[in-house]
**Q** 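What follows is a structure written as structure tokens; I'll ask about it next.
Here is the naming used below: chain letters follow the sequence lines, and residue numbers restart at 1 for every chain.
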Amino acid sequence: AQRVTQPEKLLSVFKGAPVELKCNYSYSGSPELFWYVQYSRQRLQLLLRHISRESIKGFTADLNKGETSFHLKKPFAQEEDSAMYYCALRGNNAGNMLTFGGGTRLMVKP
Amino acid sequence: ETGVTQTPRHLVMGMTNKKSLKCEQHLGHNAMYWYKQSAKKPLELMFVYNFKEQTENNSVPSRFSPECPNSSHLFLHLHTLQPEDSALYLCASSQETGRGNEQFFGPGTRLTVL
């Protein structure tokens, strides 16, 4: 079975502070990990995926297989980063089943 | 309209009603999905359709009945729902199922069951 855990429901930081949203997963095979973001009054959208090794809007995430983690980081948070962030995992089983974490609400205060 | 659209955006229904949720994608994708987002639970996959064929049913109660008449349209027929079925129902689409295919989400239908 695959499982995604986001231990923090709410994370509040000041503008310019570093931010790290935690994501831990449980999966016996080789997972594909994602971060999705949902800004206020907007739809859920893909932020980044681990296979791309890219930085989007200053965010990065590194897959740590030893710690089974995929934490999302940004060195200097901006007010416009305030949103709900969901970590998701897709296994290598048949189909395209995404398993989502419970989400973390990031609030960046001025 | 581009992307993934869902109608209605809000729906209130009684437990004895029958209603349907509609999803349409304008992306030329072949796979479509229904998700349920409850207040107290993570986003849950309900159904997957690939080239109009249902490939996943994530143990969803039979009071939820999906229909995929073509690759662009996906319906979720609702009947004799329970108050605990109140949630945000999200539709998504991707080029195909399988790894490497990004899913694009619709805005969701907020369902309230009285």
**Q** What part of Tyr36(A) gets within 4.5 angstrom of chain B, counting heavy atoms only: side chain, backbone, both, or neither?
**A** side chain
**Q** Test of understanding: clusters of I, L, V, M, F, W, Y form through side-chain heavy atoms closer than 4.5 Å, transitively. Do Met15(B) and Leu11(B) belong to the same one?
**A** yes
**Q** Pick one of side chain, backbone, both or neither for Arg41(A), based on which atoms fall under 4.5 Å of a heavy atom in chain B.
**A** neither
**Q** Report yes or no: do Leu89(A) and Leu21(A) belong to one cluster of Ile/Leu/Val/Met/Phe/Trp/Tyr joined by side chain heavy-atom distances under 4.5 Å?
**A** yes
**Q** About how many Å separate CZ of Phe34(A) and CD of Gln103(B), when rounded to the nearest 0.5 Å?
**A** 8.0 Å
**Q** Could you report the tightest heavy-atom contact between Pro42(B) and Gly101(A), atom names first, then the distance?
**A** CB-O, 3.6 Å
**Q** Flag yes if Phe75(B) and Met13(B) sit in one hydrophobic cluster, no otherwise; membership is Ile, Leu, Val, Met, Phe, Trp, Tyr, and two members link when side-chain heavy atoms are under 4.5 Å apart.
**A** no
**Q** To the nearest 0.5 Å, how far apart are CD in Gln42(A) and CZ in Phe105(B)?
**A** 15.0 Å
**Q** Is Thr5(A) in contact with chain B via its backbone, its side chain, both, or neither, using a 4.5 Å heavy-atom distance?
**A** neither
**Q** Hydrophobic cluster membership, with links at side-chain heavy-atom distances under 4.5 Å among I/L/V/M/F/W/Y: are Leu45(B) and Phe64(B) in one?
**A** no
**Q** For the atom pair CG (Leu43(B)) and CE (Met84(A)), what is the distance rounded to the nearest 0.5 Å?
**A** 10.0 Å
**Q** Can you measure from CG (Leu46(A)) to OG (Ser94(B)) and round to the nearest 0.5 angstrom?
**A** 12.0 Å
**Q** Are there more than 12 heavy atoms of other residues, nucleotides or ligands under 6.0 Å from atom NZ of Lys109(A)?
**A** yes
**Q** Would you indicate whether Tyr39(A), at its atom OH, is surrounded by more than 12 heavy atoms from other residues, nucleotides or ligands within a distance under 6.0 Å?
**A** yes
**Q** Measuring from Asn101(B):CG to Arg90(A):CZ, what's the distance to the nearest 0.5 Å?
**A** 6.5 Å
**Q** Can you tell me if Gln82(B) has over 12 outside heavy atoms packed within less than 6.0 Å of its CD?
**A** yes
**Q** Give a yes or no on whether Phe76(A) atom CZ has more than 12 heavy-atom contacts from other residues, nucleotides or ligands under 6.0 Å away.
**A** no
**Q** Give the cluster check for Tyr86(A) versus Tyr89(B): same hydrophobic cluster or not, with ILVMFWY residues linked at side-chain heavy-atom distances below 4.5 Å.
**A** no
**Q** For Glu44(B), which atoms come within 4.5 Å of any heavy atom of chain A: side chain, backbone, both, or neither?
**A** neither
**Q** Using non-hydrogen atoms and a 4.5 Å limit, figure out which bit of Asn58(B) sits close to chain A: side chain, backbone, both or neither.
**A** side chain
**Q** With rounding to the nearest 0.5 angstrom, report the OH to CG distance, Tyr35(B) to Leu44(A).
**A** 9.0 Å
**Q** Does Arg43(A) form a side-chain contact (heavy atoms from CB on, under 4.5 Å) with Val4(B)? I'd like the steps, not just the answer.
**A** CA-CA 10 Å; Arg43(A) 63 189 64 193; Val4(B) 181; 4.2 Å; yes
